There are 2 protein chains.
Amino acid sequence: MRSLGPSDLAVVEAMTRREVSLLPNRQIVGEGEIGLGLYMLTEGWAFRYRQVGERGRQIVDFLLPGEIIGLQASLLGVLEHSVRSLTSVRLKSYDPRLIAEAFEKSPALALRFARYVSAEAARSDALISAIGCCDAVQRLAFLMFSLYQRQSRNRVVDPRNCPFPLRRQHLADALGLTGAHVNRTINRLKSDGVVSINGRQLAIHDLPRLSELAGFAA
Amino acid sequence: MRSLGPSDLAVVEAMTRREVSLLPNRQIVGEGEIGLGLYMLTEGWAFRYRQVGERGRQIVDFLLPGEIIGLQASLLGVLEHSVRSLTSVRLKSYDPRLIAEAFEKSPALALRFARYVSAEAARSDALISAIGCCDAVQRLAFLMFSLYQRQSRNRVVDPRNCPFPLRRQHLADALGLTGAHVNRTINRLKSDGVVSINGRQLAIHDLPRLSELAGFAA
DNA sequence: CGTGGGCTTGATAGTCCTCAAGTCGGGTGG
DNA sequence: CCACCCGACTTGAGGACTATCAAGCCCACG
């Protein structure tokens with residue numbers, strides 16, 4: 001993707017508001033919010049989710065540093081999901097009118113936004129496939145591999161020591177499983193020598209195997 | 001959404017190619033394709049899906065008349081899924097460069113495309129939630145209700161006689177179930193007086209109940 | 001040191017899958 | 001017009017996978 005020109009950046013600058021920090025597990029945007037929020041996650045992880053019924057929570061995507069929060073909502077004008085911080089995070093806040101402004105004045109920026117939304121959609125589609133067609137081992141492998149790969153795009157990541165701040169319950173809520181079963185499945189992956197989790201780090205012992213289980217053709 | 005101006009339509013006109021008809025269950029775009037296709041579905045239904053492993057097929061979305069095929073692929077430049085006709089269809093074909101052209105010359109059109117992709121993404125997210133958190137009855141209710149509602153947006157649809165060209169296997173592949181279990185579940189919905197399927201028509205006997213089961217707050 | 005949340009583990013049950021056989025209906029050719 | 005045929009639908013029995021519930025453990029934290 002081409003980088004943006006000075007005029008594109010000026011559009012962004014004009015709409016930048018302030019920067020805030022949040023503790024883990026705080027609501028960033030949600031169904032209770034007034035108006036639409038538009039943010040960039042400058043540090044830390046977050047996740048997008050939907051409340052299902054009274055007790056069910058479906059995590060739809062994880063958000064990594066550098067990614068945008070609230071783009072879909074700003075485009076559609078309605079809030080179909082909520083976003084929470086997973087770790088401590090730092091957010092840059094923008095005026096949601098930035099979107100409309102970009103489409104009017106900065107085609108390169110608008111195209112970026114559109115591609116960003118498409119990429120999110122592609123991730124959603126991949127998650128649907130994993131949940132719809134795969135068993136617990138494959139689902140976990142899929143999520144672990146995806147998150148490893150997404151982190152690898154921005155910087156070099158040691159597969160044996162990969163940041164992985166998700167708790168069992170996050171994995172469960174993202175993959176349509178229960179915390180208990182996620183745990184059992186992680187044990188199996190560990191005893192099979194594929195991956196292990198220590199604290200908030202993921203250690204990938206057999207990357208080819210993981211990617212194969214994840215459904216990314218070996 | 002505001003309607004497009006004459007200059008927007010001119011951009012579309014210039015990129016319009018030809019119109020084609022296809023029989024049911026034909027590949028429209030797929031992993032085997034050369035280049036990216038961009039189409040509008042003028043008549044009939046289609047579905048977007050991903051091949052998972054050797055035998056698994058996950059349907060990610062259904063496409064109704066008036067909807068666009070290949071937008072995500074044209075934006076990202078890669079094909080993450082395939083599209084097939086569900087019924088007989090009629091397609092208008094466009095030059096994929098229409099996308100880039102729109103972003104350069106027609107902000108209103110570009111915004112439309114972006115919103116379209118966002119809406120698709122929102123549907124994907126909703127499907128994730130249904131598959132991840134709901135049992136078979138709720139998943140079926142969700143899909144039936146969604147498709148009824150989408151059709152209702154364009155024209156008046158009789159709930160007792162709603163077009164529904166999906167076979168059991170399509171329902172199964174979309175919802176992460178098997179054809180056999182879809183069938184049993186449909187029987188239960190029928191004996192509970194919620195909906196019934198006759199040929200290619202869906203008859204909704206209890207719309208409030210269906211929407212409640214589907215997770216759309218009663 | 002007490003406390004609480006997350007993790008771990010076990011027993012049990014339910015949902016859904018697998019496999020397979022039988023039925024139905026629509027299209028085709030004689 | 002009827003017999004045939006194939007694909008889709010239907011139904012049943014048994015089994016696999018995962019949920020549910022509950023208890024104990026461990027560690028971080030106050």
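All figures in this text were calculated on a predicted structure; none of them were measured in a lab. Sequence lines set the chain letters: A, B, ... in the order given, protein chains first and strands last, and positions in each chain run from 1. Heavy atoms only: backbone and side chains are in, while hydrogens, waters and symmetry mates are out.
Contact detail for A:Ala172 and A:Gly179: the closest heavy-atom pair is CB-N, 3.5 Å. The two residues B:Val89 and B:Trp45 come nearest to each other via the heavy atoms CG1-O, 3.2 Å. Closest approach of A:Arg26 and A:Leu23 over heavy atoms only: CG-O, 3.1 Å. Between A:Met144 and A:Leu189, the shortest heavy-atom contact is SD-CD1, 4.3 Å. Taking each heavy atom of B:Val52 and A:Cys133 in turn, the nearest pair found is CG1-CB, 3.8 Å.
When the side chain to side chain contact (heavy atoms under 4.5 Å, CB included) test is applied to A:Cys162, the partners found at least two apart in sequence or on another chain are A:Tyr148, A:Gln151, A:Val157, A:Leu202. By the side chain to side chain contact (heavy atoms under 4.5 Å, CB included) test, A:Val156 pairs with no residue at all, sequence neighbours left out. Under the side chain to side chain contact (heavy atoms under 4.5 Å, CB included) criterion, A:Arg55 pairs with no residue, sequence neighbours left out. The salt bridge (charged side-chain N to carboxylate O under 4.0 Å, His left out) test applied to B:Arg160 returns no partner, not counting sequence neighbours. A:Arg50 meets the salt bridge (charged side-chain N to carboxylate O under 4.0 Å, His left out) test with A:Glu80; sequence neighbours excluded. The salt bridge (charged side-chain N to carboxylate O under 4.0 Å, His left out) search around A:Arg90 returns A:Glu19, not counting sequence neighbours.
The shortest distance between the side-chain N/O atoms of A:Asn187 and the OP1/OP2 oxygens of C:dT9 is below 4.0 Å.
A:Ser85 contributes a side-chain N or O that, together with a main-chain N or O of A:Asn25, makes up a donor-acceptor pair within less than 3.5 Å.
Summary for the helix from C:dC1-D:dG30 to C:dG30-D:dC1: the axes at its two ends, each from 5 pairs, differ by 40° when rounded to the nearest 10 degrees.
Distance, A:Ile197 CD1 to D:dC27 P: 17 Å, rounded to whole Å. Atoms CD1 (B:Ile186) and P (D:dT11) sit 11 Å apart, rounded to a whole Å. One atom, CG of A:Asn198, and another, C1' of D:dC27, lie 15 Å apart when rounded to the nearest Å. Rounded to whole Å, the distance from CZ on A:Arg200 to C1' on C:dG5 is 12 Å.
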Mind listing the N/O atom pairs, protein and nucleotides 20-26 of chain D, below 3.5 Å?
| from | atom 1 | to | atom 2 | distance (Å) |
| --- | --- | --- | --- | --- |
| D:dT20 | O4 | A:Arg184 | NH2 | 3.1 |

Sub-3.5 Å pairs of nitrogen or oxygen atoms, protein against nucleotides 22-26 of chain C:
none

Give me, pair by pair, the N or O atoms of the protein and of nucleotides 28-30 of chain D that are less than 3.5 Å apart, along with how far apart they are.
none

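By the neighbour-count criterion of 12 heavy atoms within 6.0 Å, atom CZ of A:Arg155 is densely surrounded, having more than that number from other residues, nucleotides or ligands. Within a 6.0 Å radius of CZ in A:Arg17, other residues, nucleotides and ligands contribute more than 12 heavy atoms.
Rounded to the nearest 0.5 Å, atoms CZ (A:Arg84) and CD1 (A:Ile69) are 13.0 Å apart.
Across residues 159-177 of chain A, A:Gly176, A:Leu177 each have a non-hydrogen atom less than 4.0 Å from an atom of DNA chain D (numbered order). Using a 4.0 Å cutoff on non-hydrogen atoms, the parts of residues 133-143 of chain B near DNA chain C are B:Asp135, B:Ala136, ordered by number.
A salt bridge does not link B:Asp192 with B:Arg209: none of the charged nitrogens is closer than 4.0 Å to a carboxylate oxygen. Taking a cutoff of 4.0 Å between a charged side-chain nitrogen and a carboxylate oxygen, A:Glu67 and A:Arg150 qualify as a salt bridge.
Partner of B:Leu166 under the side chain to side chain contact (heavy atoms under 4.5 Å, CB included) criterion, out of B:Thr87, B:Val182, B:Asp173, B:Leu171: B:Leu171 alone.
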